[in-house]
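First the structure, in the form of structure tokens, and then the observations on it.
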Amino acid sequence: MTITAPLDPPARLLMGPGPISAYPRVLRAMSAQLVGQYDPFMTATMRETQELYRRVWATRNDATLLVDGTARAGIEAALMSLIRPGDRVLVPVFGRFGHLLAEIAERALAEVHVVEVPWGHVVPTSLIEEAVARVKPAVLALVQGDTSTTMNQPLDEIGAICERHGALFYTDATASLGGNAFLADAWGVDAATAGLQKCLGGPSGSAPLTLSERAVSVIRSRSRVEAGIREDADASAADFVRTNYFDLGMILDYWGPRRLNHHTEATSMLYAARECAAVLLEEGREAVIERHRLAGAAMLAGVRGLGLGVFGDVAHRMNNVVAVEVPDGVPADAVREALLDDFGVEIGTSFGPLHGRVWRIGTMGYNARKDAVLVTLAALEAVLRRFGVAVAAGGGVEAAGDVFRAAVREEVLA
Ligand SMILES: *Cc1c(COP(=O)(O)O)cnc(C)c1O
């Protein structure tokens, strides 16, 4: 091979907790030609993308846009822009990403309060309410789906709790959006962020974000004048957002009617984000969630059909990822390597207390499909057998197949 050979990644089926194989339509959109930052097509595509994401988030929020960067960029933009130094911020933690929110809030110079539950559980709503009443935070920061544990935190009552106690409600929906219910307005969410590489079926590198009017007014009051360009900001020197790239006030003005220059929108990622939303909405929000539910239920039944255990409170599992217990004495990483080498199938490892104890298998976006589920289970069975595990022959494919067949029967009857 010469160094000028075209890029040629290996064929992979990405069945981990993200990133996952992208929808072909998204990849095609990313190869479309660039236009200038103020080209009418650019502005129209930004407007269209905002409107598409209002429908994805189920919101009427005018302030619905993209932050250029991975999901973490969206989180950082939201928290750095919303939190004033010295603000109390409450973070209920049920996995790795809760710790990330707490860490970023600390960098924003918040007084951070954490309530934590053991991994594998969600935080009881009553515990959150009690903590909000006690701490009286300016911001409650809560993950929806935490891929580190596969748990899906119920959010439907959290907005009302925050409203009663005068807190802003921020949530990280990166792993859950598009594969599990999310209703920004109905749930009273003030700020939510995501990424493309989970259920939305795109590459990482763009962070969809939506902000309520309450959130926008806090952000506006803290946005800064940039040397002679913006003259409308009223933030005092002590209060302005301590980041330029992630100053959501500036990003809002770039996306807003004034189109004030800030960064150069990552055009190919805009195309990708636009296409992810279009794919989702064309299938229908409910239908996409149902497809994730079905693929996830089939994967869960399949791993159990192989005789493997599942980690955590399964009743609160996200639709799109299952944590499979590694059988005693089996080298977790060697199994993953064999799956990749022999079958081109990638599944996920785990962090912190779960490292070496569970594999995380995702069924999201383009890969929330019957063939992807069955191929993964067949490959896992073959590899486990080679490592000496007495798995039930054909048990995974059979049990998962039953779930898909039952769904087809239900559809025929309906
Ligand atoms: C995957 C994930 C992220 C990822 O952030 P990136 O910056 O895109 O890597 C953030 N939050 C949650 C809850 C996730 O599951």
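Just so you know, these numbers use all the heavy atoms, side chains as well, and skip hydrogens, waters and symmetry mates. All ligand and atom numbering here is 1-based and tracks the order in the structure. Heads up: numbering here begins at 1 and tracks the sequence. Predicted, not measured: the structure shown is a model, and the values here were computed from it.
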Cationic N near anionic O, under 4.0 Å, Glu129 to Arg164: yes
Report, as yes or no, whether the 6.0 Å neighbourhood of atom CD on Glu103 holds more than 12 heavy atoms from other residues, nucleotides or ligands. yes
For a quick check: using heavy atoms under 4.0 Å, what are the residues in contact with ligand 1, sorted by chain and number? Thr70, Ala71, Arg72, Phe97, Val143, Gly145, Thr147, Asp172, Thr174, Ala175, Gln197, Lys198
Cation-pi geometry met for Arg369 and Tyr366 (6.0 Å, 45°): yes
If only side-chain N and O atoms count, and only distance matters, is there a donor-acceptor pair under 3.5 Å linking Asn61 with Ser212? no
Phe182 versus Val189: any side-chain heavy-atom pair under 4.5 Å? yes
Using side-chain heavy atoms (C-beta onward) and a distance below 4.5 Å, is Met46 in contact with Arg259? yes
